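In what follows, a single structure is set out as structure tokens and then discussed.
As the structure is a prediction and not an experimental result, all values here were calculated from the model.
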Amino acid sequence: MLYLILYLILIFSLLIFLIFMSAYGLSLIYSSIMGAPYVPTKKSLALEILKEVKFKKNGLFVELGSGDGRIIRAAVKNYPIRGMAVDINSLLIIWSKFLSRLDGTYPRIDFVCKNILDVDLSKTDYLYLFLFPALIEKLIPGFNKELKKGTVIISHGFPVNEYKKKLIKQVDRRPFPTYYYKIS
């Protein structure tokens, strides 16, 4: 009888695990289809990227396609700013909230599960992107309408071609360079 109970517990555990992994896999596929696959950035690289920016106290740092929230959490943890993490993948938002609670950054970060094309950026002071060029192009009309003068855009991996004249710094690193722009 004990073996039967242990066997049923094992089967139930495996079933729960498979359901979770299937949901997680589907959510990653959905993120990729929407234009931004989940690609985590190393913590050391996140700190390197952020150190190039002069953050002002209480500025709003927005990360579009935030994944597990590693960049936004590093920014809020190391600088006197507030953050907003935006991702379409609800499982990644839940995971980043959990990680944010663990490292103490949760009170200063808002987590939003939304399509990044539908986010209000009018209060943004710093905008972080690690997105494919085609998706960046789709965001440009919204940037032009909503981003205020002085907003710094950090684009890791790919340039924002429409903002060539707004480029203030480029840091070449492998495998991806980082581009810094300032809206004027």
Over all heavy atoms of both residues, which pair between [X] and [Y] is shortest? Give the atoms and the distance, please.
| X | Y | value |
| --- | --- | --- |
| Ile109 | Ser100 | CD1-OG, 3.9 Å |
| Gly157 | Phe130 | CA-CE1, 4.2 Å |
| Ala46 | Thr41 | N-CG2, 4.1 Å |
| Ile136 | Ser155 | CD1-OG, 3.9 Å |
| Arg73 | Asp103 | NH1-OD2, 3.0 Å |
| Lys54 | Tyr126 | O-OH, 3.5 Å |

Original post:
Going by side-chain heavy atoms closer than 4.5 Å, which hydrophobic residues are tied to Phe12, directly or by a chain of links?
Top reply: Ile16

Can you check whether [X] reaches [Y] side chain to side chain, under 4.5 Å on heavy atoms?
| X | Y | answer |
| --- | --- | --- |
| Lys166 | Ile153 | no |
| Leu121 | Leu127 | yes |
| Lys43 | Arg70 | no |

Nearest 0.5 Å, what's the [atom1]-[atom2] distance between [X] and [Y]?
| X | Y | atom1 | atom2 | value |
| --- | --- | --- | --- | --- |
| Tyr7 | Leu10 | OH | CG | 8.0 Å |
| Ile94 | Asp68 | CD1 | CG | 14.0 Å |
| Ile71 | Leu64 | CD1 | CG | 13.0 Å |
| Asp110 | Lys97 | CG | NZ | 9.5 Å |
| Lys169 | Ile154 | NZ | CD1 | 11.5 Å |
| Ile11 | Leu6 | CD1 | CG | 12.0 Å |

Distance-only donor-acceptor hits, side chain of residues 177-184, under 3.5 Å, sequence neighbours excluded:
from: Thr178; atom 1: OG1; to: His156; atom 2: ND1; distance (Å): 2.7
from: Thr178; atom 1: OG1; to: Arg173; atom 2: NH1; distance (Å): 2.6
from: Tyr180; atom 1: OH; to: Ile49; atom 2: O; distance (Å): 2.7
from: Tyr181; atom 1: OH; to: Val160; atom 2: N; distance (Å): 2.8

For the pair [X] (side chain) and [Y] (backbone), establish whether a donor and an acceptor sit closer than 3.5 Å, ignoring hydrogens and angles.
| X | Y | value |
| --- | --- | --- |
| Asp87 | Ser66 | yes |
| Arg108 | Ile81 | yes |
| Thr151 | Thr124 | yes |
| Arg82 | Asn58 | yes |
| Ser96 | Leu92 | yes |

[X] with [Y], same ILVMFWY side-chain cluster at under 4.5 Å:
| X | Y | result |
| --- | --- | --- |
| Leu102 | Trp95 | yes |
| Ile93 | Leu117 | yes |
| Phe98 | Tyr106 | no |
| Leu99 | Leu50 | no |
| Leu47 | Phe176 | no |

Original post:
After noting the C-alpha distance and the side-chain angles of Val171 and Glu48, does the key distance pass the side chain to side chain contact (heavy atoms under 4.5 Å, CB included) rule?
Top reply: CA-CA 10 Å; Val171 178; Glu48 278 183 44; over 6 Å; no

Original post:
What's the verdict on side chain to side chain contact (heavy atoms under 4.5 Å, CB included) for Ile116 and Leu135, showing C-alpha distance, side-chain angles and the deciding distance?
Top reply: CA-CA 10 Å; Ile116 62 174; Leu135 188 51; 3.6 Å; yes

Subject >> Results of ring-ring contact (aromatic ring centres under 6.0 Å, His included) for Tyr79 - residues two or more places apart only >> reply: Phe55

Original post:
Is the NZ atom of Lys148 crowded by more than 12 outside heavy atoms at less than 6.0 Å?
Top reply: yes

Original post:
side chain to side chain contact (heavy atoms under 4.5 Å, CB included) between Ile140 and Tyr163: does it pass, once the steps are laid out?
Top reply: CA-CA 9 Å; Ile140 294 300; Tyr163 288 173; 4.3 Å; yes

Subject >> Leu129/Phe143 under side chain to side chain contact (heavy atoms under 4.5 Å, CB included): CA gap, chis, key distance, verdict >> reply: CA-CA 12 Å; Leu129 315 168; Phe143 290 176; 4.1 Å; yes

